[in-house]
Amino acid sequence: MPAKQILKTRIIVGMEIHVQLRTQTKMFCGCKLSFDAAPNSYVCPVCLGHPGSLPVINKLALRFAMLAGLAMNCKIASYTKWDRKNYFYPDLPKNYQVSQYDLPICGEGYFDLPSDTPPQRIRIRRAHLEEDAGKNIHDSGNHTQVDLNRAGTPLLEIVTEPDIHSAQDAYAFCTELHRLVTYIGISDANMQMGQMRFEPNVNVEITHSEGVSKTPIAEIKNLNSFRAVKNAIEYEAQRQIAAWEEDSEYVIGKANNENRGWNDDRGMTEFQRTKEAAQDYRYLPDPDLVPVTISETMINEIRAELPELPLPRRLRFINKLTLSPKDAGTILDQRTTADFFEEAIKAGGPTDVLCKQIINIWLGLAGDRQSDISNLSVSAAKVAELASITDRGDINKSAAKQIAEAMLTDEKSPSELAKQLGLIQVKDTAATQAWVQEAIDNNAQAVQDTIGNPKKAKAAMGFLRGQVMRISAGQADPKLVGELIEKLLMPKSE
Ligand code: ZN
Ligand code: MN
């Protein structure tokens, strides 16, 4: 039989995301959350699963879950309960994980991704609370060690509908969700520390000469970077298409769904095991934990705590503050930056210069110090003033950078620093003309290129301008310099 001809393929992705909540203590006991503490130093009878110990619900984790649910437009359950999910690895010594099965705290919702018109809507199926497992450590000979510091850490598991149809969109979804959970403050979502983990469920709808087939679903476990999400989905979709071309029985219902891992070094997914159906987990209601009832009042109270979310804020920045979509994205990337930007606007800074200086100067200075803008110990008012004196033309753009650097260690105002550093822009044409003349006299080659070599003219002109700025020790007005170079070298021929 001749091979079926593939006409079209469509990737189908639903995401499961585990988000570690930013509580002080674990989900069901008073043990502190820790990251690199000595193994088993933050444990107690509850998280060690000792018989007779009784769990107590972490109220802050409940609030965080509701906050996330409301931010994702989910229905918040008025009654939610806890279930034991059968688990038989040593990193959870109780032999079950406390999770939520049929009555999760957050029900249906949706999350819109920024895109040109209209925003792309990803439906949320549910979000529930559960506890994390500990860690099995395999680095001491032929036995395994267990560290239970992480066991019992509160996680919010968010599950989407299979509404994502490309690796790129999955990447965008994960970055936006990361932004959302950090914006609303429910998680630090530090990826290196495993505080946000992604599990895409991937399959492919193949339209071919004899109809439409769907490959079995592969769940790619425990991805901890956005790049891994994108690469793993791209690889997995191609693998499934190739497997179907090899064997047209490789379809959902006939072949097994499976769990796969991502091997970043080899750039491929690897088979782990065929997937359990829900009955294999043998969920049962946890008799030690009381169900939670949530009142409308409590939901409203938590709704009132929600800050302006990234998407509406982005639209406001673009439409009201007239930022470009790209600049809006950069400013909004971290909430601290966006908050700082708005504070500086309130302090009287001109929006467009502020936006440019935050992106080109302040974020760079913060990045160099592995810090964020609010930790640079420079007030929003001073940042606003620097933007104002740049906007007025008292200083030029490169002087602004120098002054900003000085502001990190000097309490003086930007204007005072500009004077002290001799960076007040000289608008005197005669003085500027003298500097331009000096640059022209000393750079014959650049002068020739500017006049007579169309290929090099632009670069040569830029070079001359740079020389003038150097000679003037940064005090010349770049705009005036440009005009004068043109006037001297290229007199208008009539
Ligand atoms: Zn404990
Ligand atoms: Mn889970």
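We count ligands from 1, going down the list as the structure has it; atoms in each ligand are counted the same way. Since this is a predicted model, take the numbers as computed values, not measurements.
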**Message:** Quick one, Glu234 with Gln238, criterion side-chain hydrogen bond (donor to acceptor under 3.5 Å, both in side chains). Give me CA distance, side-chain angles, the key distance, then yes/no.
**Reply:** CA-CA 7 Å; Glu234 262 163 14; Gln238 291 313 310; over 6 Å; no
**Message:** So Lys81 and Asp102, do their side chains get closer than 4.5 Å, heavy atoms only?
**Reply:** yes
**Prompt:** Quick one: does Thr336's side chain get under 4.5 Å of Asp339's, heavy atoms only?
**Reply:** no
**Request:** May I have the angle between Glu130 OE2 and Glu157 OE1 with its vertex at the Mn ion (ligand 2), rounded to 10°?
**Result:** 100°
**Message:** What do you get for the angle at the Zn ion (ligand 1) between SG on Cys31 and SG on Cys47, to the nearest 10 degrees?
**Reply:** 110°
**Request:** Angle at the Zn ion (ligand 1): provide the value between SG of Cys29 and SG of Cys44, rounding to 10 degrees.
**Result:** 110°
**Prompt:** With under 30° as parallel and over 60° as perpendicular, where do the rings of Tyr283 and Tyr101 fit, or are they tilted in between?
**Reply:** parallel
